[in-house]
Amino acid sequence: MAYTGTPQPLTVHPQGQSAAPPALPEAHVTGADPLLLAGPVGAARADELDTAFHTVRAALAGRRIIDVNSTMNGGGVAEMLHRLQRYSRGAGLDTRWFTMQGDPAFFALTKQLHHLLHGAVASGSPLNRAGAEHYAAVSEANARALLGVVRPGDVVTLHDPQTAGLVPYLRRAGSKVVWRCHVGTDDPNPYTDRAWAFLRPWLETADAYVFSREQYVPGWLAGRHVAVIRPSIDPLSAKNQPLAPSTAAAVLSRVGLRAPADRDGPAIYRRGDGSVGQVRRNPTSLFSASPPPADAPLIVQVSRWDPLKDMAGVLTSFAEAGGSLNGAHLALVGPDVTGVTDDPEGARVFAECAALWHRLPDRVRTRAHLAWLPMADTEENAVIVNALQCSATVVTQKSLAEGFGLTVSEAMWKGRPVVASAVGGIRDQIEHGVHGILLDDPRDSVSFTAQISSLMGDQCLADELGAGARHRVRDNFLDDRQLLQQISLYQNVAGV
Ligand code: UDP
């Protein structure tokens, strides 16, 4: 993927003052033929998708499909947009993907909305009048930039709370507007109410709304056009393509997360454009006494450095379990926080984990590893995540809240046994004991490590869950299914 438009500090103009707005950064995604999916999903499913694409392309008759979110790197939305755009483009749809610009105050506010929509407490009180005015001003500045490229009739999908303020501008300009929310909680509470009170006035006029779970749809949307579309993964991407064990080992030893071994292959992979890539970059930051031995069991959690992912809780549980985890090593891995522009909490969360790591007793610290993966090349980043997930003895996702949790499907697709919290969309992915292990209470560190330990001591169970997991993802969580739902939404919204 190449980018145009250098992210630049946003200038908010006082009302009434005009200046030519800078163009929003745009991701240029190379198209891929959806029929390529026939390999992993079978010819019948790939044909069904191809036919649906032909139909919608003809019906759209030149109208464009536009996505707007707030980052091109890091996190599940950026991950998904890249691939959905890729196949849509490959099928001949005219697609564009822009990212909003904002200043730290704007992203601090939208991160608060993100936590509140998850039903979680959010520190600070920016949802006051000044916060609302700033949100409105940033939204207006972005809308002005976007209106330079959007045409009447285009179908524009706006993702997450950052983009809600664009809805009225785009509707007035004649676009068809879908607002897609990737976060939510099964149990609405006063925090979610606060978030909806803030967002609702902006969202009222959207043509349709998309959520990842039925339970996330707020009551005030009753009677509106709402679709539930679960996220999915691309089996052909650098993140999920099959990697030989020797290649995965080579990739991990290249980045310092596995000791090198004679049997390692070259650290290479297939890039989206068909060329061969080689992993060259080191983690931007690595807290590790020395790499895990090549034959040590490995527990892996890959997440953004977000308090709701509970990386610190995983590390603490691992430390508390002491020697009971069969000499396993733990790798906590996330993106270089300087590369994720819309997530202001990353540096603080990583610093907390690093401080915990420093305080661990030597015998635990030598087995715990924290890494920031470089984000400069998203495919290189992806293949490192792939190598970690497919080399893991157990993959964990100990989230306190989770919209969907793509990392869970990613690990399941690789046939890995997963121990994950029974929260949000993780419950849609895993049926406990069939496709993985669900932890009823995400804060219960004793059960968490007991489940990991029992999986490590029972290869049959681990294999059974891994096989169940792969089937589950093949049947439900690969991109062809999500693309079909998305096409049907475009048809409804655009009236074609
Ligand atoms: N991810 C990544 N590199 C990292 C950390 C995370 O590519 O260093 C990816 C991860 O593989 C997954 C996405 O970011 O595809 C995270 O999506 P998820 O739905 O799990 O959580 P979100 O970040 O959207 O809350």
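What's counted below: heavy atoms across the whole structure, side chains too, no hydrogens, waters or symmetry copies. We count ligands from 1, going down the list as the structure has it; atoms in each ligand are counted the same way.
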Listed partners of H159 passing side-chain hydrogen bond (donor to acceptor under 3.5 Å, both in side chains), at least two apart
D67, H182
Residue by residue, ordered by chain and number, which ones reach under 4.0 Å of ligand 1 with a heavy atom?
G75, G76, E79, K239, V302, R304, K309, G334, P335, L373, N381, V385, E402, G405, L406, T407, E410
Return all side-chain donor-acceptor pairs below 3.5 angstrom for residues 352-360, not counting sequence neighbours, or 'none' if the list is empty.
from: E352; atom 1: OE2; to: R348; atom 2: NH1; distance (Å): 2.9
from: W357; atom 1: NE1; to: A368; atom 2: O; distance (Å): 2.9

Cut-off 3.5 Å, side chains only: do R89 and Y87 have a donor facing an acceptor?
no
Going by side-chain contact (heavy atoms from CB on, under 4.5 Å), name the residues that satisfy it together with D187, two or more places apart in sequence or in a different chain.
T185
Ion pair check, R280 and E380, cut-off under 4.0 Å
no
Given the options L203, V178, V177, Y209 meets side chain to side chain contact (heavy atoms under 4.5 Å, CB included) only with L203
